[in-house]
Amino acid sequence: MKFASSYEPNQYEADIYAAWETSGAFDPVIPTVPVDDDGNGHDDRLNANTYSIVMPPPNANGNLHIGHGLTIALEDSLTRYHRLKGQSTWYIPGADHAGFETWVVYEKALEAQGHTRFEYDRNELYARVWDFVAMQRGNMELQLRALGASCAWDDLTFTLDENVIDRVYTTFEKMWNDGMIYRGKKLVNFCPKHQTAFADIEVEHKDEKGTLWEIAYDDIIVSTTRPETLFGDTAIAVNPNDARYKDIIGKEVHLPLTDRTIPIIADEHADPEYGTGAVKITPAHDFDDFEVGERHNLERIQVIAEDGTMINVPEKYLGLTAAECRKQVLKDLKDQGLLRGEKQIVHSVAHCYKCGTVLEPTLKEQWFVDVKKLAATAIEHLEKGEIKFYPENKQKVLINYLKNLKDWNISRQIPWGIAIPMFRKANSEATDEPDWIFDRRTDLKEIEKAGVKYVRDEDTFDTWFSSSHWPIVCTDWTEENPSPYYPLNVMETGADILFAWVARMIMMGLYVTGEVPFKEVYLHGLVLDAHGKKMSKSKGNVINPMDLVAKYGSDAFRLGILRGRSAGMNQAFSENSVISGRNLCNKLWNISRFIQGIVDEGDSLDSYTTLNQGEDWICRELNDCLDQIEADFEAYRFAEAVETLYSTIWDKYADWFLESQKIYRNVPLLKKTLETILVALHPFAPFVTEAIWQNLSWTEGMIITAKWPTRLEYDPISAEQFENIRTIVSEVRGTLQALSGTNNAKKYTLLYDNDSLVEDNLLLVKALTKVPAVDPLNGAPRGLRVALANHELYLDVPEKVVKEYKDALTEKILSVGRELDALNARMMNPNYVERAPEHLVKETIDAIKEKESLISRLKTQLTLI
RNA sequence: GGGAUUUUAGCUCAGUUGGCUAGAGCGCACGAUUCACAUUCGUGAGGUCACAGGUUCAAGCCCUGUAAAUCCCACCA
């Protein structure tokens, strides 16, 4: 016997995965590189039936977390479904160098060894991090395998692979030539701890308590939360409509603690309602002030250096940290009587999303992408509906974001990343040559062109700049050989990176290829803990997907994490749902074990025919189930598909069909239907379905490359009759349960009068209700009437028991009466009869007849008691 | 300030173009028991669909408003 009494995932999963991988089942059937089999000069792949999906690349040197677990469950289910449907499926795995994250980890390791980044040059650091990552790599790839990801491993793309860098450089060069790249000295969010700038999107704003100080600049009082920046003030702004200050616009005031004077200017930025209505302007250290400075052509005086110490300030404050300087400034202002008040406020402060350090708006020369055209093109294609979003409201959200997008800072001061291929002229005498030139030779620090020396910019690209090429590089798309796998069929990723990643892939895809990079976008939400709280290390509520896989199996995890989840929603997750997934796997295992047992007894017919109502019924239910799953996959309704499979397999197939097959056996049909449910469940539970497939005596090949089931043949009238049997059985069971006493099912014979359906299914009804016998009534009604309108059924119970059932019977009559009243009320409404669809009115009339007949029968029974 | 989302059973969620008595899983109560499965089987209790109006023959679903919660963007001198 190949089937143990329960399914033990750990015995099978590793071997099964290895078998899949070595068989080549993960690889697309249609080649990914150009072919011209018929020699007509055309790439024969281009009209092929392909299905492509890329994996959002997990951090190459990290471990998978619960969000990855969800990602794989979603993407791999899609992949396997489309593979079973016969498409040439390409699920492309990836690994992310995770520029900033990995750098932070590495720098910590470096510090632990007593070193700092400043001891090495950029190339050395790059090489060192490369080795560091190489050492840890593989962990997450093993974990992807444990989750069952059926991806094409040979095509794994690492974000620092040569073809990625090539493509990024090609795009950058094109943008540079198109005038979309510019070098700007602008305010950027700068993390003093990590010594790097961030894009707006990487900044985390948090509400914090702070102090608002009021400082006298001559007669004008200004409010500020950052008194130490006053040395960088180059103006005071008042609102042009503010009557209080009308007369002093254009005048100069003395800047405290210095011997400078600054002008009073009129600008809308000053809010008359806030504070005193006058605001100090520090263009070098505040984003709003920077813009005011642009409008009024103000000087930008940087007073806080990148290391967080004071520069360009009076001797006394030079070299202090910003915090020390603030204290000193406040003290000095107070001594001079210029500090006129302070109050506590709550304001939002920008933090580094990694270390929580307060970010310092800092003037820096950086590379920027002019996003106007990119965004406009993306909006145009999005508004045409070229990409379908799940959930669909994200389309609007994304368009709204793109409409307000500001230029994109792509420079990062982190060695671990793709070097920016720009070189600055070294000797300024050669005035005819441009200051900056593009060159791919980023492995060199210095190059020479036309006799002029150039030095490479030390910075690297923002990882999102290279990641935005992901669909292009993963599918090996090139100008010369566009891939049939581009655009991707779907981009599945987290809703939290809609702006950072999805938006940029769309802009970049359109810019490089002229086509949107994917046809559909499915966004998943956060996986929250069982109480709906965000998982975090500090809260200690983090669930490790690998623990659950080890404990319950990969399939159980996948089924569990998909349960109750819908697109874009942050939803709770608990071990319970994994347990219920595990139970389903075991149920399926035992279903198979049972059927194999029957097959072993011998019967070698291959083709099936249905022979009774239960068999017709299960065929109908399985067909409905397949329809439902196909529709659910089209609409990305994963949880619903799982739910449908769960109830079809358990509540219908096992509880009714298999139970009925204990009376009437149809071996070919058992085989056929089992294959159907195995294949249908395979996308969600790949391991157990494959393990069963391999253990069954008659199946061939591997289920991963099987064919999606075709519909079953059945007699619909007969199938519907089985519903009547189900109703009879349920009602008898319910009545038996409601009778006083225990073990009622064993005691009382079921009597039927004039009922061919029961007569034809005596053994089945007997087995399902567990009554000792099902006999014809033969005479006057006796015992307890079963509450069915269209069947004359009695439970042969003694008078005494019938009497004890009186209360339950009364309650039953009342409840049916209430339903009847509701139906009658509906029919009393002439508008309903007139305007509702005919079939509904007819159904209502039928229902009324049925209820009336049932009530009169029950009432007769009651009077007999 | 702008935008989005959510509110249905004790918990987590379905409920697709409005249409029969609003469903599932878990939990709970009661009952069963060796013959595929206790990771089992059966039966049941539990809902003013956040609230108030409106449209409609008919509203959990559509419209208006209110409340609560969550998230994103911008801003907070």
Side-chain angles (χ1 to χ4, degrees), chain A residues 3 5-7 200-201 205 207 210 212 222-226 237 269-271 274-282 286-289 345-349 391 393-394 396-397 400-401 404 495-496 498-499 525-526 530-532 552 556 563-566 568-574 576-577 579-580 582-598 631 635 637 639-640 643 646-647 651 654-655 658-659 662 730 733-738 742-746 768-770 815-816 818-819 822-823 826 829-837 839-841 843-844 846-847:
Chain A
F3 286 95
S5 67
S6 65
Y7 173 59
D200 297 341
I201 198 158
H205 289 275
D207 277 346
L212 188 66
V222 301
S223 309
T224 182
T225 53
R226 305 204 54 194
H269 167 63
D271 175 2
Y274 195 94
T276 58
V279 53
K280 71 196 227 13
I281 301 296
T282 322
D286 181 281
F287 287 95
D288 287 326
D289 294 1
I345 56 159
V346 173
H347 60 154
S348 99
V349 180
N393 70 299
K394 297 291 179 189
K396 260 188 355 203
V397 174
N400 190 46
Y401 169 78
N404 299 309
D496 52 334
L498 173 65
F499 297 153
L526 293 179
H531 307 287
Y552 300 109
R563 169 153 290 191
R565 213 156 287 279
S566 46
M569 298 284 293
N570 300 342
Q571 282 159 323
F573 170 68
S574 78
N576 278 341
S577 59
I579 291 174
S580 114
R582 185 266 319 256
N583 293 354
L584 179 64
C585 294
N586 189 59
K587 187 74 182 179
L588 189 64
W589 179 264
N590 273 289
I591 287 170
S592 310
R593 177 174 182 231
F594 174 66
I595 292 175
Q596 182 65 59
I598 293 171
R637 293 158 58 92
E640 288 78 0
E643 209 60 56
Y646 194 101
S647 68
D651 305 341
D655 290 349
L658 286 192
E659 288 306 317
K662 288 176 180 171
S730 295
R733 282 170 174 172
T735 308
L736 286 167
Q737 197 75 218
T742 55
N743 259 323
N744 289 323
K746 282 188 169 173
L768 293 177
T769 57
K770 298 206 167 81
S815 103
V816 177
R818 281 192 294 271
E819 289 163 18
L823 292 171
R826 193 175 299 166
N829 181 346
N831 288 325
Y832 174 72
V833 183
E834 229 169 86
R835 299 191 199 175
H839 74 273
L840 284 178
V841 178
E843 278 170 30
T844 308
D846 290 350

*Asks:* With sequence neighbours left out, what residues match A:Tyr552 under ring pair (Phe, Tyr, Trp, His ring centres under 6.0 Å)?
*Replies:* none

*Asks:* Considering residues at least two apart in sequence or located in another chain, which fulfil the salt bridge (Lys or Arg N to Asp or Glu O under 4.0 Å) criterion with A:Glu819?
*Replies:* A:Lys851

*Asks:* Fill in the dot-bracket string of RNA chain B, one character per base: . for unpaired, | for a pair to another strand, ( ) or [ ] for pairs within the strand, taking Watson-Crick or G-U pairs under 3.5 Å.
*Replies:* (((((((..((((.....[...)))).(((((.......))))).....(((((..]....))))))))))))....

*Asks:* Given B:G42, B:C37, B:C13, identify the nucleotide with an atom nearest to the side chain of A:Ser566.
*Replies:* B:C13

*Asks:* Does A:Gln737 get its side chain close enough to the base of B:G42, under 3.5 Å, for a donor-acceptor pair?
*Replies:* yes

*Asks:* Tell whether A:Glu659 reaches the base of B:A36 with its side chain through a donor-acceptor pair below 3.5 angstrom.
*Replies:* yes

*Asks:* Please work out if A:Pro837 contacts a base, only the sugar-phosphate, or nothing of the nucleic acid, heavy-atom cut-off 4.0 Å.
*Replies:* base

*Asks:* Among the nucleotides B:U43, B:C13, B:G3, which one has an atom lying closest to any side-chain atom of A:Ala572?
*Replies:* B:C13

*Asks:* From C-beta outward on A:Asn590, which listed nucleotide comes closest to its side chain: B:G42, B:C13, B:C37?
*Replies:* B:C37

*Asks:* Can you tell me how far C1' of B:U40 sits from CG of A:Asn586, to the nearest Å?
*Replies:* 10 Å

*Asks:* Take A:His205 and A:Leu584, find for each the nucleotide of RNA chain B with the closest heavy atom, and name the residue whose nucleotide sits nearer the 5' end.
*Replies:* A:Leu584

*Asks:* B:C26, OP1 or OP2 - any side-chain N/O from A:Arg582 closer than 4.0 Å?
*Replies:* no

*Asks:* Between B:G15, B:U39, B:A36, which one does the side chain of A:Glu640 approach most closely?
*Replies:* B:G15

*Asks:* Would you please confirm or rule out a distance under 4.0 Å between OP1 or OP2 of B:A14 and any side-chain N or O of A:Gln571?
*Replies:* yes

*Asks:* Starting the side chain at C-beta, find the nucleotide from B:C41, B:C13, B:G15 nearest to A:Lys587.
*Replies:* B:C41

*Asks:* Give a yes/no answer on whether the side chain of A:Ser574 brings an N or O atom under 4.0 Å of OP1 or OP2 in B:C26.
*Replies:* no

*Asks:* Are any of A:Arg637's side-chain N or O atoms less than 4.0 Å away from OP1 or OP2 of B:G15?
*Replies:* yes

*Asks:* If you check the A:Arg826 side chain, which of B:U5, B:A32, B:U21 turns out closest?
*Replies:* B:U21

*Asks:* Of all the nucleotides listed (B:G25, B:G42, B:G19), which has the minimum atom distance to the side chain of A:Asp651?
*Replies:* B:G25

*Asks:* Starting the side chain at C-beta, find the nucleotide from B:G19, B:G42, B:U40 nearest to A:Leu840.
*Replies:* B:G19

*Asks:* Contact class for A:Glu643 vs. all strands (heavy atom < 4.0 Å): base, sugar-phosphate, or nothing?
*Replies:* sugar-phosphate

*Asks:* Which of the following nucleotides, B:G25, B:A36, B:U6, is nearest to the side chain of A:Ser580?
*Replies:* B:G25

*Asks:* Look at all strands and tell whether A:Asn743 reaches a base, only sugar-phosphate, or nothing, counting heavy atoms closer than 4.0 Å.
*Replies:* sugar-phosphate

*Asks:* Can you name the nearest heavy-atom pair linking A:Tyr832 to A:Leu840, along with the distance?
*Replies:* OH-O, 3.6 Å

*Asks:* Checking all strands, does A:Glu819 fall into the base, sugar-phosphate, or nothing category for heavy-atom contacts under 4.0 angstrom?
*Replies:* base

*Asks:* Between A:Phe3 and A:Trp589, how do the two ring planes meet: parallel, tilted or perpendicular, split at 30° and 60°?
*Replies:* perpendicular

